[in-house]
Number of protein chains: 2
Amino acid sequence: MEREKQAQIFKALAHPTRLIIVEKLLEGERCVNDIKDLFDASQPNISQHLNILKYSGIVDFRKKGNLRCYFLKDSKKLEKIIQAIK
Amino acid sequence: MEREKQAQIFKALAHPTRLIIVEKLLEGERCVNDIKDLFDASQPNISQHLNILKYSGIVDFRKKGNLRCYFLKDSKKLEKIIQAIK
DNA sequence: ATATTATATAAGTTTATGGTTATATAATTA
DNA sequence: TAATTATATAACCATAAACTTATATAATAT
């Protein structure tokens, strides 16, 4: 079970778009709009990537008016992982 | 390109079987036979997982008679990644 | 040379991913 | 309340991943 969970985190990180999102969130929370502007991908596509990160437990969000601001649930851990892969 | 490469490493690690293989190889090189015995998966299945790790640049092998001994190409890096995910 | 052991490769099937376009929902503004 | 903005969800399609079984190859032993 432990390995499945770890594998799932790796799977969530196994996409350039999601890696870039996570790196952005290492700087602090960001609303979807800001995240979307990092890419020229479609809005639903970004939303789906965010959902994958959410589902895997890497990010969560809070509402701020009609915005959704995503943040890393454990930025220390992510920091380490991102650092280690370089 | 850098992100694609990192994503590919994550993808290679995004499977319980391959995670276990990598953790085993952290102890030192191992022949396919020994690796196979860690699982009750089929021989071709293990071979395919090893190939994925090879293709992604995580492992390499050397021949020793009719055995193939796999080893981590950068065990320090893998050590860090595996540590960070825990 | 033949058989055996260790391992890889191929072909086929099933399920999962990653993207698109269209549509829904929720909050804000007019 | 109607329109707008921000975002998610659904339906769909194409490609890739993960297995299985069958077969090939390479080294060793007989």
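Chain A is the first sequence line, chain B the second, and so forth, proteins listed ahead of strands; every chain is numbered from 1.
Taking the side-chain hydrogen bond (donor to acceptor under 3.5 Å, both in side chains) definition, one finds that B/Gln83 meets it with nothing, sequence neighbours left out. Residues passing the side-chain contact (heavy atoms from CB on, under 4.5 Å) test with A/Glu2, sequence neighbours excluded: A/Gln6. Checked against side-chain contact (heavy atoms from CB on, under 4.5 Å), B/Lys77 has the following partners two or more places apart in sequence or in another chain: B/Ile9, B/Asp74, B/Ile81. Applying the side-chain contact (heavy atoms from CB on, under 4.5 Å) rule to B/Val32 yields the partners B/Leu50, B/Arg68, B/Tyr70; only residues at least two apart in sequence or on another chain are considered. A/Thr17 is linked by a side-chain contact (heavy atoms from CB on, under 4.5 Å) to A/His15, A/Ile21, A/Phe39, A/Ile46, A/His49, counting only residues two or more places apart in sequence or in another chain. Among residues two or more places apart in sequence or in another chain, the side-chain hydrogen bond (donor to acceptor under 3.5 Å, both in side chains) test is passed with B/Lys24 by B/Glu27. Under the rule for a side-chain hydrogen bond (donor to acceptor under 3.5 Å, both in side chains), A/Glu79 has no partner lying at least two apart in sequence or in another chain.
Across the protein-nucleic acid pair, B/Ile52 atom CD1 and D/dC19 atom P stand 9 Å apart, rounded to whole Å.
Using a 4.5 Å heavy-atom threshold, the side chains of A/Leu13 and A/Leu78 count as touching.
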Step-by-step side chain to side chain contact (heavy atoms under 4.5 Å, CB included) determination, A/Arg3 to B/Glu23: CA-CA 11 Å; A/Arg3 292 273 176 29; B/Glu23 288 192 25; 2.9 Å; yes

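A sub-4.0 Å separation between OP1 or OP2 of D/dA6 and a side-chain N or O of A/Tyr70 is absent. For the pair B/His49 and D/dA17, the criterion of a side-chain N or O lying under 4.0 Å from OP1 or OP2 is not met.
The OG atom of B/Ser75 lies 7.0 Å from the CG atom of B/Leu26; values are rounded to the nearest 0.5 Å. The CG atom of B/Leu72 lies 10.5 Å from the CZ atom of B/Arg30; values are rounded to the nearest 0.5 Å.
Using a 4.0 Å cutoff on non-hydrogen atoms, the parts of residues 34-48 of chain A near DNA chain D are A/Gln43, A/Pro44, A/Ser47, A/Gln48, ordered by number. At a non-hydrogen distance threshold of 4.0 Å, A/Lys11, A/His15, A/Arg18 from residues 6-32 of chain A come into contact with DNA chain C. For the segment residues 55-69 of chain A, the set of residues with a heavy atom within less than 4.0 Å of an atom of DNA chain C comprises A/Lys63, A/Gly65, A/Asn66, in numerical order.
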For residues 53-65 of chain B, tabulate all N or O donor-acceptor pairs below 3.5 Å that involve a side-chain atom, not counting sequence neighbours.
| from | atom 1 | to | atom 2 | distance (Å) |
| --- | --- | --- | --- | --- |
| B/Ser56 | OG | B/Ile52 | O | 3.2 |
| B/Ser56 | OG | B/Leu53 | O | 3.1 |
| B/Arg62 | NE | B/Glu29 | OE1 | 3.0 |
| B/Arg62 | NE | B/Glu29 | OE2 | 3.0 |
| B/Arg62 | NH2 | B/Glu29 | OE2 | 2.5 |

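No path of Ile, Leu, Val, Met, Phe, Trp and Tyr side chains, each step under 4.5 Å between heavy atoms, connects B/Phe71 with B/Leu67, placing them in separate hydrophobic clusters.
Summary of helix geometry: the two end axes of the helix from C/dA1-D/dT30 to C/dA30-D/dT1, each defined by five base pairs via their C1' atoms, are inclined to each other by 10° (rounded to 10°).
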